[in-house]
Amino acid sequence: MPLENLKKNKDNPINTAIVAGALCLVCALIVSTAASSLKTIQEDNIAIDRKKNLLAVTKFPAESMADSQSILDTFEKNFTTIIIDMETGEEAPDEALKAMQSIGKTWDTKDELEKKYDQFTIAKTKRDAVADEITGEDKANIKYREKYSFVYILNDSDGNPKTYVFPVRGYGLWSMMHGYLAVKPDFQTIEGLVFYDQAETPGLGGEVKSEKFKSQWPGKEIYGEDGEVQIKVIKNADTSYKHAVDALSGATITSNGVTYALEYWLGPEGFKPFIERRKASSGSSDTADQETGVGNG
């Protein structure tokens with residue numbers, strides 16, 4: 001419709017609808033273009049933030065995290081990233097790549113897989129090739145578990161594993177809490193636990209990110225003598241407790257969410273097959289099993 005006619009009939013509802021529709025279309029194009037152009041930057045920032053938290057849970061000094069390039073350089077220099085089959089615990093980058101290609105991802109190399117694979121998003125796709133539905137008890141409330149997961153390995157100066165870092169998640173009161181758990185090569189002693197993405201109640205469950213809560217984890221032990229996961233968050237836990245840390249004040253559901261997340265991801269449907277495989281290959285399986293019970297569950 002000519003612009004002159006619109007001006008003459010500005011009180012006509014049809015003209016109002018046309019103008020509103022045109023305005024919406026222009027705004028949608030602007031927002032869509034901006035979102036598309038910023039997507040790469042957003043993905044890079046998310047990747048950097050995750051690496052920063054990986055460094056934090058393994059106690060790298062602050063200067064290593066002063067800027068984005070320092071974070072990337074420190075991570076690249078000190079960490080090895082592997083992709084494992086969650087069911088078998090075996091390294092399986094080729095199988096993971098094929099699975100991703102089967103759902104339409106056009107990645108051609110393992111390098112691309114390591115750069116672009118987002119296991120948390122993959123789990124939400126509910127696609128059989130890349131994620132399994134939780135059919136049994138799901139206390140961590142994750143609903144779907146990715147078939148392939150990253151495991152991050154911090155190496156010492158001789159190139160030997162010094163710390164293993166596992167991605168973990170579980171639902172709290174309001175949100176899915178995403179974190180990293182760092183353990184020593186004995187797969188029994190915790191070095192740290194950080195939650196980098198959560199939306200729990202500020203001042204209550206949100207304290208899951210606080211230094212006070214994080215400071216309780218180093219030195220705590222994961223498995224009991226029966227081989228079952230014993231580490232948990234409980235009310236009034238004494239610092240001498242080797243399998244427990246003190247709960248978040250006024251945040252029972254969030255505290256339980258942390259317990260259930262660790263119980264799941266350190267159990268047989270989580271990283272336990274990988275843990276058992278690594279312990280066996282290191283030749284310490286028999287001794288460790290006697291000490292920790294791992295492998296009996």
Side-chain angles (χ1 to χ4, degrees), residues 35-36 38-58 68 71-134 140 142-155 161 163-171 175-183 194-198 261 264-266 269-275 277-278:
S36 178
L38 294 174
K39 184 177 181 181
T40 301
I41 297 175
Q42 291 174 335
E43 291 175 345
D44 289 345
N45 286 339
I46 290 172
I48 291 170
D49 184 65
R50 288 180 179 174
K51 286 183 170 61
K52 182 177 182 179
N53 280 281
L54 282 162
L55 297 182
V57 77
T58 49
S68 298
I71 293 169
L72 295 174
D73 291 345
T74 303
F75 184 85
E76 185 70 22
K77 179 180 178 181
N78 295 280
F79 279 80
T80 300
T81 302
I82 61 174
I83 296 175
I84 68 165
D85 183 319
M86 292 297 288
E87 184 173 350
T88 66
E90 294 180 279
E91 290 188 46
D94 291 333
E95 289 80 356
L97 185 61
K98 291 176 184 175
M100 295 305 296
Q101 290 169 339
S102 75
I103 62 169
K105 301 295 182 182
T106 56
W107 309 336
D108 296 323
T109 67
K110 286 185 285 187
D111 284 344
E112 284 187 300
L113 178 70
E114 291 189 4
K115 288 178 181 177
K116 298 179 179 178
Y117 181 67
D118 183 338
Q119 65 192 80
F120 307 126
T121 301
I122 287 300
K124 295 178 183 177
T125 67
K126 305 177 183 178
R127 305 283 288 273
D128 290 343
V130 292
D132 288 317
E133 184 177 6
I134 308 299
I142 62 173
K143 298 185 179 354
Y144 280 81
R145 186 214 61 181
E146 57 276 23
K147 289 180 182 288
Y148 304 96
S149 173
F150 287 122
V151 172
Y152 306 94
I153 304 171
L154 172 62
N155 301 304
T163 303
Y164 289 86
V165 183
F166 301 119
V168 298
R169 68 181 182 278
Y171 209 85
S175 67
M176 186 65 73
M177 303 180 293
H178 294 269
Y180 291 121
L181 175 72
V183 302
V194 299
F195 285 96
Y196 60 89
D197 185 12
Q198 52 83 31
Y264 179 85
W265 290 105
L266 293 168
E269 294 184 352
F271 292 103
K272 197 168 184 178
F274 170 80
I275 290 171
R277 185 173 289 277
R278 281 282 164 150

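Just so it is clear, the structure is predicted and the values come from calculations on it, not from any experiment. Positions are given from 1 along the sequence.
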query: Is the closest side-chain heavy-atom distance between Pro167 and Phe120 below 4.5 Å?
result: yes
- prompt: Can you name the closest pair of heavy atoms from Leu55 and Phe79 and give their distance?
  reply: CD2-CE1, 3.6 Å
Closest non-hydrogen atom pair, Ser102 against Ala129: OG-CB, 3.4 Å
task: Mind checking the NE2-CD spacing from His178 to Gln198? Nearest 0.5 Å is all I need.
output: 10.5 Å
- prompt: Is the backbone of Ile71 close enough, under 3.5 Å, to the side chain of Thr74 for a donor and an acceptor to pair up by distance?
  reply: no
Verdict with reasoning, Ile82 to Ile153, per side-chain contact (heavy atoms from CB on, under 4.5 Å): CA-CA 8 Å; Ile82 61 174; Ile153 304 171; 4.0 Å; yes
- prompt: If you take all heavy atoms of Glu114 and Ile83, which pair is closest and at what distance?
  reply: CG-CD1, 4.1 Å
- prompt: Hey, is the main chain of Leu97 close enough, under 3.5 Å, to the side chain of Trp107 for a donor-acceptor pair?
  reply: no
message: Quick check: do Ile142 and Tyr171 have side-chain heavy atoms less than 4.5 Å from each other?
response: no
field: Inter-residue atom distance Tyr148.OH - Ile122.CD1, 0.5 Å rounding
entry: 11.5 Å
- request: Check step by step if side-chain contact (heavy atoms from CB on, under 4.5 Å) holds for Tyr264 and Ile134.
  value: CA-CA 11 Å; Tyr264 179 85; Ile134 308 299; 3.2 Å; yes
- prompt: So among Thr80, Thr163, Asn78, which one has a side-chain contact (heavy atoms from CB on, under 4.5 Å) with Asn155?
  reply: Thr80
message: To the closest 0.5 Å, what do you measure between CZ (Phe150) and CG (Leu113)?
response: 6.0 Å
task: Measure the shortest side-chain to side-chain distance between Ile275 and Val183 over non-hydrogen atoms and say whether it is less than 4.5 angstrom.
output: no
- prompt: When you measure from the side chain of Thr58 to the backbone N and O of Leu54, does any donor-acceptor pair fall under 3.5 Å?
  reply: yes
query: Is there a side-chain contact between Val130 and Glu146 (heavy atoms, below 4.5 Å)?
result: no
statement: Test salt bridge (Lys or Arg N to Asp or Glu O under 4.0 Å), reference Asp132, set Arg127, Lys143, Lys147, Lys126, output is Lys147
message: Nearest 0.5 Å, please: how far is NZ in Lys52 from OH in Tyr196?
response: 14.5 Å
statement: So NZ of Lys98 and CD1 of Ile103: to nearest 0.5 Å the spacing works out to 16.0 Å
query: For Trp265 and Met86, what are the C-alpha separation, side-chain angles and deciding distance, and is it a side-chain contact (heavy atoms from CB on, under 4.5 Å)?
result: CA-CA 10 Å; Trp265 290 105; Met86 292 297 288; 3.7 Å; yes
Side-chain donor or acceptor of Glu112 paired with backbone N/O of Asp108 under 3.5 Å: yes
task: Write down the atom of Ala131, the atom of Tyr144, and the distance for their closest heavy-atom approach.
output: CB-CD2, 4.4 Å
Whether over 12 other heavy atoms sit under 6.0 Å from Gln101 CD: yes
- prompt: Quick one: do Glu91 and Arg277 make a salt bridge, cutoff under 4.0 Å?
  reply: no
task: State, with a plain yes or no, whether a side-chain heavy atom of Ile84 is found less than 4.5 Å away from one of Phe271.
output: yes
- prompt: Can any side-chain N or O of Arg145 pair as donor or acceptor with the backbone N or O of Glu269 at less than 3.5 Å?
  reply: yes
field: Working for side-chain contact (heavy atoms from CB on, under 4.5 Å), residues Ile46 and Asp118
entry: CA-CA 11 Å; Ile46 290 172; Asp118 183 338; 5.7 Å; no
